[in-house]
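What you are looking at is a predicted structure, and each value in this text was computed from that prediction instead of being measured. Proteins get letters first, then strands, A, B, ... in listed order; numbering begins at 1 in each.
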Number of protein chains: 2
Amino acid sequence: MASENVEDYLKSIYTLQSKEGRVTTSSLSERLRVSAASVSEMIKKLADEGSVHHTPYKGVALTEEGKTRAIRIVRRHRLWEVFLVEVLKYEWDEIHEEAERLEHITSDKLEERLDAALGYPTKDPHGDVIPTREGKVVQFGQASLASLKVGEQCVVSRVSDSSPDVLKYASKLGITLRKKIHIREKLEFDGSLRVQVEGREHFISGKLAQHIFVEPVADEKRRRSKSFKRVRTISRGKSS
Amino acid sequence: MASENVEDYLKSIYTLQSKEGRVTTSSLSERLRVSAASVSEMIKKLADEGSVHHTPYKGVALTEEGKTRAIRIVRRHRLWEVFLVEVLKYEWDEIHEEAERLEHITSDKLEERLDAALGYPTKDPHGDVIPTREGKVVQFGQASLASLKVGEQCVVSRVSDSSPDVLKYASKLGITLRKKIHIREKLEFDGSLRVQVEGREHFISGKLAQHIFVEPVADEKRRRSKSFKRVRTISRGKSS
DNA sequence: TGATTGATTTAGGCTAGCCTAAATATAAGA
DNA sequence: TCTTATATTTAGGCTAGCCTAAATCAATCA
């Protein structure tokens, strides 16, 4: 496979592409903590090898091949995260760095065996979907907790893994996957919330609420029948 | 920690030191498949940072610090090997390469958790001793199968992991850890043996016999007492 | 429109490790 | 002892990725 550095670029491009649409030299520079000049060089290299399309001064986009490679790395990352939590008893805020290293040295066989040993999980410990080996990413629509109104109830389906501190704090409040949340109060001017989780009440800033994603409370029976948005499959075609 | 390359050098020096005593530029060059010139450069670097003693034109030896680091890597390598066999169901001839990569990206915490999850194993799947976290390597004396005489019996305690082919062949003959072997015949001129294992007889070359290490047959009773609370399969609470 | 500003790319350098070829040290044999 | 063969080291180069500084492009605003 490719070098670790190349893999990191591909993965970052993939993530930024899904999250923001456009991927620029500077966004990559910031994300990878590398100078814009270095990014520019690497982009040229990636374009030469056919992993990205590059329009100078405009931005990059993954080619089909680049996207496939990126998704594969994301898959490995998330499988390792499941392993770290389920088998090695890590907390969900401790796993990112470890998975970041493990993903790059994972052979096809190792990926396969790990997947099997874990029971073919479909989500990582933060609730992010684990792409299939074929590169299919089945993303269920999710609403941010920040979008709910007073009186509504919901169930936590994902917490953004962008910051370990957020994760740590969320779990301290009892906000972990599959927990039920009631919105008790909402301050419109700053988006902050008073919520109830497991019988306890907490105040949550609008900022934090944006990192927490939820689904409607479902009956045990027909759990998957509803979601706030449409179920959607991001496959090889368009992202986001 | 150090770079992957430095770690590989330290580990190789450690292994060669244990096996042959003296460690030369050329032996490292051969083992690491790198030119002698490159080895010479790296040795200078390692000497400068205090990991090895170097007498130009004579050879290298690990300092205490270098040895500690090398043993730590060996420990990680062997823990991963146990993991690959016990948890991911690899065969013992498939694990070396994977462990070779995993060992370099293993944080202290990961090492600790892995060790715990595996039930603090003391030997890897080939029978090699796993150094403790403090760097203690408890090596029990072992005789090579090649040193036994006709009529003797023994129990397999280790099989050299220097070649996957040897491992594969050995397991095909039923020669795996803790198996009992009877020496039925020995040809002195080439050291080859006729042995009985699990009721079947096989011919074994002297060369192969040198890769198989054995202990005297022990009482059934005493052997059982080892703790076996290892993770053999992964049982998980919830699978998202 | 044309100047300014910010983003991007190019130029020129650095390091870690690798290489081959050349120089040098040791050891072994005449 | 002297010569020769072999092992080791040094010299000089290469690549991948990183950097800063300088040059260039594009987009916006006067």
Side-chain angles (χ1 to χ4, degrees), chain A residues 1-17 19-62 66 69-70 73 100-101 103-105, chain B residues 1-17 19-62 66 69-70 73 100-101 103-105:
Chain A
M1 187 94 187
S3 87
E4 183 170 328
N5 285 312
V6 167
E7 291 191 351
D8 280 339
Y9 276 88
L10 292 176
K11 199 168 53 128
S12 290
I13 295 169
Y14 174 76
T15 307
L16 289 173
Q17 199 166 285
K19 228 187 278 185
E20 340 235 293
R22 216 166 82 92
V23 182
T24 62
T25 301
S26 47
S27 61
L28 279 169
S29 165
E30 188 189 359
R31 192 182 169 88
L32 293 166
R33 303 182 168 287
V34 146
S35 75
S38 300
V39 171
S40 200
E41 278 176 4
M42 181 60 95
I43 283 174
K44 194 161 20 160
K45 183 180 154 181
L46 293 176
D48 286 349
E49 74 180 34
S51 298
V52 302
H53 296 297
H54 181 216
T55 321
Y57 294 98
K58 284 299 169 60
V60 289
L62 292 171
R69 290 169 68 190
I73 303 159
E100 204 69 17
R101 287 187 289 271
E103 66 189 13
H104 299 297
I105 55 144
Chain B
M1 186 98 187
S3 88
E4 183 170 329
N5 285 313
V6 167
E7 292 191 352
D8 280 338
Y9 275 89
L10 291 176
K11 197 168 53 128
S12 289
I13 294 169
Y14 175 75
T15 308
L16 289 172
Q17 199 164 282
K19 228 187 280 185
E20 341 232 294
R22 215 167 82 92
V23 183
T24 63
T25 301
S26 47
S27 61
L28 278 169
S29 164
E30 188 188 358
R31 191 182 169 87
L32 292 166
R33 305 180 165 289
V34 146
S35 74
S38 300
V39 171
S40 200
E41 276 176 4
M42 181 59 96
I43 284 174
K44 193 163 21 162
K45 182 180 155 182
L46 292 176
D48 285 350
E49 73 179 35
S51 298
V52 301
H53 296 295
H54 181 218
T55 322
Y57 294 98
K58 285 297 166 65
V60 289
L62 293 171
R69 291 169 67 190
I73 304 160
E100 203 70 15
R101 286 186 291 270
E103 67 190 13
H104 298 298
I105 54 145

Quick one: is [X] getting a side-chain N or O under 4.0 Å of the [N] phosphate, OP1 or OP2?
{"X": "A:Ser26", "N": "C:dT8", "answer": "yes"}
{"X": "A:His54", "N": "C:dT8", "answer": "no"}
{"X": "B:Ser3", "N": "C:dA16", "answer": "no"}
{"X": "A:Thr25", "N": "C:dT9", "answer": "yes"}
{"X": "B:Lys45", "N": "C:dA16", "answer": "no"}
{"X": "A:Tyr57", "N": "D:dA23", "answer": "no"}
{"X": "B:Lys58", "N": "D:dT8", "answer": "no"}
{"X": "A:Thr24", "N": "C:dA7", "answer": "no"}

Residue pair [X] / [Y], side-chain heavy-atom distance below 4.5 Å:
{"X": "A:Met42", "Y": "A:Val6", "answer": "yes"}
{"X": "A:Asp8", "Y": "A:Glu100", "answer": "yes"}
{"X": "A:Val60", "Y": "A:Leu46", "answer": "no"}

Tell me: [atom1] of [X] to [atom2] of [N], nearest whole Å?
{"X": "B:Arg22", "N": "C:dA27", "atom1": "CZ", "atom2": "C1'", "result": "11 Å"}
{"X": "A:His104", "N": "D:dA16", "atom1": "NE2", "atom2": "P", "result": "18 Å"}
{"X": "A:Lys44", "N": "C:dT8", "atom1": "NZ", "atom2": "P", "result": "15 Å"}
{"X": "B:Ile43", "N": "D:dT9", "atom1": "CD1", "atom2": "C1'", "result": "10 Å"}
{"X": "B:Glu41", "N": "C:dA21", "atom1": "CD", "atom2": "C1'", "result": "14 Å"}
{"X": "A:Asp48", "N": "D:dA16", "atom1": "CG", "atom2": "C1'", "result": "14 Å"}

Original post:
Applying the side-chain contact (heavy atoms from CB on, under 4.5 Å) test to A:Val39, which of A:Ser27, A:Ser12, A:Ser29 qualifies?
Top reply: A:Ser29
**OP:** For B:Ala37 and for B:Met42, find the nucleotide of DNA chain C with the closest heavy atom, then tell me which residue's nucleotide is more 5'.
**Re:** B:Met42
So [X], base contact, sugar-phosphate only, or nothing? Heavy-atom distance under 4.0 Å.
{"X": "A:Val39", "value": "nothing"}
{"X": "B:Ser35", "value": "base"}
{"X": "A:Ser38", "value": "base"}

Subject >> Residue closer to the 5' end of DNA chain D, B:Ser40 versus A:Glu4 (nearest nucleotide) >> reply: B:Ser40
Subject >> Note: B:Arg69-B:Glu49 ion pair, threshold 4.0 Å (strictly below) >> reply: yes
